[in-house]
Amino acid sequence: MAIAAETQFHVLAVDDSLIDRKLIERLLKTSSYQVTAVDSGSKALEFLGLQDEQRKPASDSSESQEIEVNLIITDYCMPGMTGYDLLRKIKESSSLKDIPVVIMSSENVPSRINRCLEEGAQEFFLKPVQLSDVNRLLPHLLKGKPKEQQQEQQHEQPNNKRKAIDEDLCPKNTRQRYNGLTVV
């Protein structure tokens, strides 16, 4: 499921664990995503341009917004700011609230999962994150794209059912059957 370079999606990966951060980064890059990895919620906010106004001069805010982020995947348990806190700050922001957020955690706590999903997370992955989890991200990324880009993406990657139907109906793709047996 490789994505063409001109339609490459940018994912912001947030995890305080170096091993988990490298794993998610490798999985995303394997799936042809552009990845920026940071080790804390506050660094993610800084990258997104949402850091507190008193700590950051207004003139610097345009630098962070030059790189468009299509999805944020964050660990739940991190020192300082949790993934849940980061999710809430993103969803409270008028400029970033439409960016899909995925939370990941090594702890399977149903109340935590439900709270994140109710607050606006698109998915909740249990660690270790696998390639099959990463493959579930594309529909969320397409939701955030403008309609024209969605249509271009659909034309680039035709539906397999449609392709199968076209191949069945197209006479040029059919072969004569020959079983090699003759009845005497």
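- Judged as a salt bridge (Lys or Arg N to Asp or Glu O under 4.0 Å), and not counting sequence neighbours, K97 has no contacts.
- One distance of note links CG of L138 with OG of S31; it measures 9.5 Å at 0.5 Å rounding.
- Of the N and O atoms on the side chains of T82 and D85, at least one donor lies less than 3.5 Å from an acceptor on the other residue.
- Applying the side chain to side chain contact (heavy atoms under 4.5 Å, CB included) rule to Q122 yields the partners K91, P100, H140; only residues at least two apart in sequence or on another chain are considered.
- Between atom CG of residue D15 and atom CG of residue L23 there is a gap of 9.5 Å, rounded to the nearest 0.5 Å.
- Residues M81 and L45 are in side-chain contact: their nearest non-hydrogen atoms beyond the backbone lie under 4.5 Å apart.
- In plain terms, the two heavy atoms of G41 and M78 that are nearest each other are N-CE, 4.1 Å.
- The side chain to side chain contact (heavy atoms under 4.5 Å, CB included) with F9 is formed by just one residue from the set V69, L142, L71; it is L142.
- R115 and E119 are not joined by a salt bridge, as no carboxylate oxygen comes within less than 4.0 angstrom of a charged side-chain nitrogen.
- With sequence neighbours excluded, the residues forming a salt bridge (Lys or Arg N to Asp or Glu O under 4.0 Å) with E107 are R112, listed by chain and number.
- Note that CG of D75 is 5.5 Å distant from CG of D16, once rounded to the nearest 0.5 Å.
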Checklist entry - What do the steps show when you test L137 against Y33 for side-chain contact (heavy atoms from CB on, under 4.5 Å), and what is the final call? => result CA-CA 10 Å; L137 297 176; Y33 295 108; 4.1 Å; yes
Checklist entry - Between L87 and Y76, does a side-chain contact (heavy atoms from CB on, under 4.5 Å) hold up when you go through it step by step? => result CA-CA 9 Å; L87 169 69; Y76 182 89; over 6 Å; no
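- Ring geometry for F47 versus H10: interplanar angle over 60°, hence perpendicular rather than tilted (30 to 60°).
- Closest non-hydrogen pair, V35 versus A13, comes out as CG1-CB, 4.3 Å.
- Follow the hydrophobic side-chain contacts under 4.5 Å out from L117 and you reach I90 in the same cluster.
- Note on V101: it does not cluster hydrophobically with V109, by side-chain heavy-atom contacts below 4.5 Å among ILVMFWY residues.
- With a 4.5 Å cut-off on side-chain heavy atoms, E25 and L28 do not count as touching.
- With rounding to the nearest 0.5 angstrom, the CG atom of L50 is 6.0 Å from the OG atom of S95.
- Between the CG atom of L27 and the CD1 atom of I73 there is a distance of 9.0 Å, given to the nearest 0.5 Å.
- Going from atom CG of D133 over to atom CD1 of I24 covers 8.0 Å, rounded to the nearest 0.5 Å.
- For I19, the CD1 atom counts as loosely surrounded, since its 6.0 Å shell holds 12 or fewer non-hydrogen atoms of other residues, nucleotides or ligands.
- When all heavy atoms of G83 and I103 are compared, the closest pair comes out as O-CD1, 3.7 Å.
- In summary, of the residues considered (V102, T36, L48, V11), a side chain to side chain contact (heavy atoms under 4.5 Å, CB included) with I72 occurs for L48 alone.
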